[in-house]
Engineer: 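My questions all concern the structure below.
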Amino acid sequence: MMFFQRKKAEMVAEAEALPGRSTPIPTAGTHHVFDTPLSNAVPEGMEEAMFGMGCFWGVERMFWQLPGVHMTLVGYAGGYTPNATYDEVCSGRTGHNEVVRVIYDPAKIGYDDLLKVFWEGHDPTQGMRQGNDLGTQYRSGIYTYSDAQAEAARTSRDVFAERLRAAGYGSVTTEILPAPPFYAAEDYHQQYLSKNPAGYCGIGGTGITCPIGVGV
């Protein structure tokens, strides 16, 4: 059992990753909260963001509740297996992270606002896990679509890391990388906690306030 847990917490080598498939897996057609077509497209005037914070069920709910967010989708990114399934991701043999893709209106909500939710919504010091959820798919990650997003992510990491250290937490393990390909997850994962209000949510923050938006 301990060997299995250790292996799940180690990133698979690309040569050992599952092959995946050339076509996308089926997913939902409609956003369960917004009641609009579930779409990966970025409408004119909108911007995109992607975050990994642990189990994507609870993470997606944090973002769909924000005024100015146009669309949320859960899926897999950061690994090697194209169009992976949930079972494949859970095997630890894809390298993928469970992520939430956010499409938002920058006239109504800024990227810094999304970063504040990201940092305060989970514990970014836990490495390849989040709470009781163990595995590379639960790692903390910010996947950026521009140089400006990357700079904002690194700056916010540095200031939040100081707050965490002062409170006795360890080093931040969040990966900050250019956004990799996003593969939408299966139908039942999309807006899971809207479809199942009493469903599992393993996400919890540290209780430390991120100083974004207060002059930093």
Engineer: Sub-3.5 Å donor-acceptor pair from the side chain of T27 to the main-chain atoms of A185, do we have one?
Structural biologist: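 Between the backbone of A185 and the side chain of T27 there is a qualifying donor-acceptor contact (under 3.5 Å).
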Engineer: Considering all heavy atoms of both residues, which atom of A9 and which atom of L134 are nearest to each other, and what is their separation?
Structural biologist: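 Looking at all heavy atoms of both residues, the shortest contact is CB-CD1, 4.1 Å.
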Engineer: Nearest heavy-atom pair of S140 and P124: which atoms, and what distance?
Structural biologist: OG-CB, 3.9 Å
Engineer: Supply the atom-to-atom distance T85 OG1 to E186 CD, rounded to the nearest 0.5 angstrom.
Structural biologist: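 The OG1 atom of T85 sits 6.0 Å away from the CD atom of E186.
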Engineer: For the atom pair CG (L164) and CD1 (I208), what is the distance rounded to the nearest 0.5 Å?
Structural biologist: 6.5 Å
Engineer: About how many Å separate OG1 of T174 and CD of Q126, when rounded to the nearest 0.5 Å?
Structural biologist: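 Reported to 0.5 Å precision, the distance equals 10.5 Å.
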Engineer: Using the rule that Ile, Leu, Val, Met, Phe, Trp and Tyr join whenever any side-chain heavy atoms are under 4.5 Å apart, tell me whether Y111 and M50 fall into a single cluster.
Structural biologist: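 No, it is not one cluster - the side chains of Y111 and M50 are not joined through contacts under 4.5 Å.
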Engineer: Which pair of non-hydrogen atoms, one from P211 and one from V159, has the smallest distance, and what is that distance?
Structural biologist: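 Smallest heavy-atom distance, with atoms named: CG-CG2, 3.9 Å.
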Engineer: In terms of hydrophobic clustering (I, L, V, M, F, W, Y; side-chain heavy atoms under 4.5 Å; direct or indirect links), are V99 and M62 co-clustered?
Structural biologist: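 Different hydrophobic clusters.
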Engineer: When you compare the side chain of Y76 with that of E88, does any pair of heavy atoms fall below 4.5 Å?
Structural biologist: no
Engineer: Among residues at least two apart in sequence or on other chains, which ones pass side chain to side chain contact (heavy atoms under 4.5 Å, CB included) with T209?
Structural biologist: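 T209: side chain to side chain contact (heavy atoms under 4.5 Å, CB included) contacts with K116, E120, R163.
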Engineer: Flag the pair L66 / L114 as yes when at least one side-chain heavy-atom distance between them is below 4.5 Å, and no otherwise.
Structural biologist: yes
Engineer: Using every non-hydrogen atom in the two residues, find where G110 and Y104 come nearest and quote the distance to one decimal.
Structural biologist: C-CE1, 4.4 Å
Engineer: Looking at A77 and P180, what are the two nearest heavy atoms and their distance?
Structural biologist: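 Smallest heavy-atom distance, with atoms named: CB-CG, 3.9 Å.
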Engineer: Between T36 and M71, is any pair of side-chain heavy atoms under 4.5 Å apart?
Structural biologist: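 The answer is yes; the side chains approach within 4.5 Å.
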Engineer: Just jot down the side-chain hydrogen bond (donor to acceptor under 3.5 Å, both in side chains) partners of Q149, sequence neighbours excluded, or say none.
Structural biologist: none
Engineer: Would you mind reporting whether T23 and N83 have side-chain heavy atoms less than 4.5 Å apart?
Structural biologist: no
Engineer: As an exercise, state the distance from CD1 of I142 to OG1 of T144, rounded to the nearest 0.5 Å.
Structural biologist: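 Atom-to-atom, I142:CD1 and T144:OG1 are 8.5 Å apart.
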Engineer: Got a sec, which pairs hit ring-ring contact (aromatic ring centres under 6.0 Å, His included) with one end in residues 141-181, sequence neighbours left out?
Structural biologist: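 Qualifying pairs, neighbours excluded: W119-F160.
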Engineer: Taking the side chain as every heavy atom from C-beta outward, state whether C55 and Q130 have any pair of such atoms under 4.5 Å apart.
Structural biologist: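 A side-chain contact under 4.5 Å is absent here.
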Engineer: Strictly by salt bridge (charged side-chain N to carboxylate O under 4.0 Å, His left out), give each pair with a member in residues 45-59 just once, sequence neighbours left out.
Structural biologist: E48-R101
Engineer: Tell me whether V33 shares a hydrophobic cluster with V69, the cluster being built from Ile, Leu, Val, Met, Phe, Trp, Tyr side chains joined at under 4.5 Å.
Structural biologist: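 Result: yes, single cluster for both.
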Engineer: Check for a donor-acceptor pair, side chain of E98 on one end and backbone N or O of F56 on the other, with a separation under 3.5 Å.
Structural biologist: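 Yes; judged by distance alone, with no hydrogens or angles, the pair exists.
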Engineer: Taking side-chain hydrogen bond (donor to acceptor under 3.5 Å, both in side chains) as the test, write out the residues that go with K108, two or more places apart.
Structural biologist: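 Residues passing side-chain hydrogen bond (donor to acceptor under 3.5 Å, both in side chains) with K108: none at all.
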Engineer: If the condition is side-chain hydrogen bond (donor to acceptor under 3.5 Å, both in side chains), which residues does R165 pass it with, not counting sequence neighbours?
Structural biologist: none
Engineer: To the nearest 0.5 Å, tell me how far F34 CZ sits from S194 OG.
Structural biologist: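 It is 10.0 Å, given to the nearest 0.5 Å.
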Engineer: For D158, which residues count as a side chain to side chain contact (heavy atoms under 4.5 Å, CB included) partner, sequence neighbours excluded?
Structural biologist: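 For D158 there are no side chain to side chain contact (heavy atoms under 4.5 Å, CB included) partners, ignoring immediate neighbours.
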Engineer: Among residues at least two apart in sequence or on other chains, which ones pass side-chain hydrogen bond (donor to acceptor under 3.5 Å, both in side chains) with T72?
Structural biologist: H31, E60
Engineer: Please confirm whether the backbone N or O of Q190 pairs with a side-chain atom of K195, one donor and one acceptor, at under 3.5 Å?
Structural biologist: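 Present.
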Engineer: Taking CD in E175 as the centre, count heavy atoms belonging to other residues, nucleotides or ligands within less than 6.0 Å. Is the count above 12?
Structural biologist: yes
Engineer: Listed by chain and number, what are the side chain to side chain contact (heavy atoms under 4.5 Å, CB included) partners of R61, not counting sequence neighbours?
Structural biologist: W64, Q65, L193, C201
Engineer: Can D133 and Y200 be counted as having a side-chain donor-acceptor contact under 3.5 angstrom?
Structural biologist: yes
Engineer: In Å and rounded to the nearest 0.5 Å, what is the CE to CG distance from M53 to N97?
Structural biologist: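 Answer rounded to 0.5 Å: 11.0 Å.
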Engineer: For a quick test of reading the model, state the closest non-hydrogen atom pair linking R21 to A84 and the distance between them.
Structural biologist: NH1-CA, 3.8 Å
Engineer: Measuring only between side-chain heavy atoms, which start at C-beta, is L38 closer than 4.5 Å to T30?
Structural biologist: no
Engineer: Less than 4.5 Å apart, side chain to side chain, heavy atoms only: is that true for L73 and F182?
Structural biologist: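 When only atoms from C-beta onward are counted, F182 and L73 do touch, with a gap below 4.5 Å.
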Engineer: Sequence neighbours left out, what passes ring pair (Phe, Tyr, Trp, His ring centres under 6.0 Å) with F118? Give chain and number order.
Structural biologist: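 Here the qualifying residues are F51, H122.
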Engineer: Does Y86 have any ring pair (Phe, Tyr, Trp, His ring centres under 6.0 Å) partners at least two apart in sequence or in another chain, and if so, which?
Structural biologist: H189
Engineer: Among all residues two or more places apart in sequence or in another chain, which pass the side chain to side chain contact (heavy atoms under 4.5 Å, CB included) test with H70?
Structural biologist: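 Only P43, M46, I103 meet the side chain to side chain contact (heavy atoms under 4.5 Å, CB included) criterion with H70.
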Engineer: Can you tell if the side chain of V12 reaches within under 4.5 Å of the side chain of T136, non-hydrogen atoms only?
Structural biologist: no
Engineer: Should L18 and Y183 be regarded as members of a common hydrophobic cluster, given that ILVMFWY residues are connected when their side-chain heavy atoms come within less than 4.5 Å of each other, either directly or indirectly?
Structural biologist: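 Different hydrophobic clusters.
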Engineer: side-chain contact (heavy atoms from CB on, under 4.5 Å) between V59 and V74: does it pass, once the steps are laid out?
Structural biologist: CA-CA 9 Å; V59 176; V74 296; over 6 Å; no
Engineer: Ignoring hydrogens and angles, tell me if any N or O in the side chain of D105 forms a donor-acceptor pair with the backbone of A107 under 3.5 Å.
Structural biologist: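 Pair found, side chain donor or acceptor close to backbone of A107.
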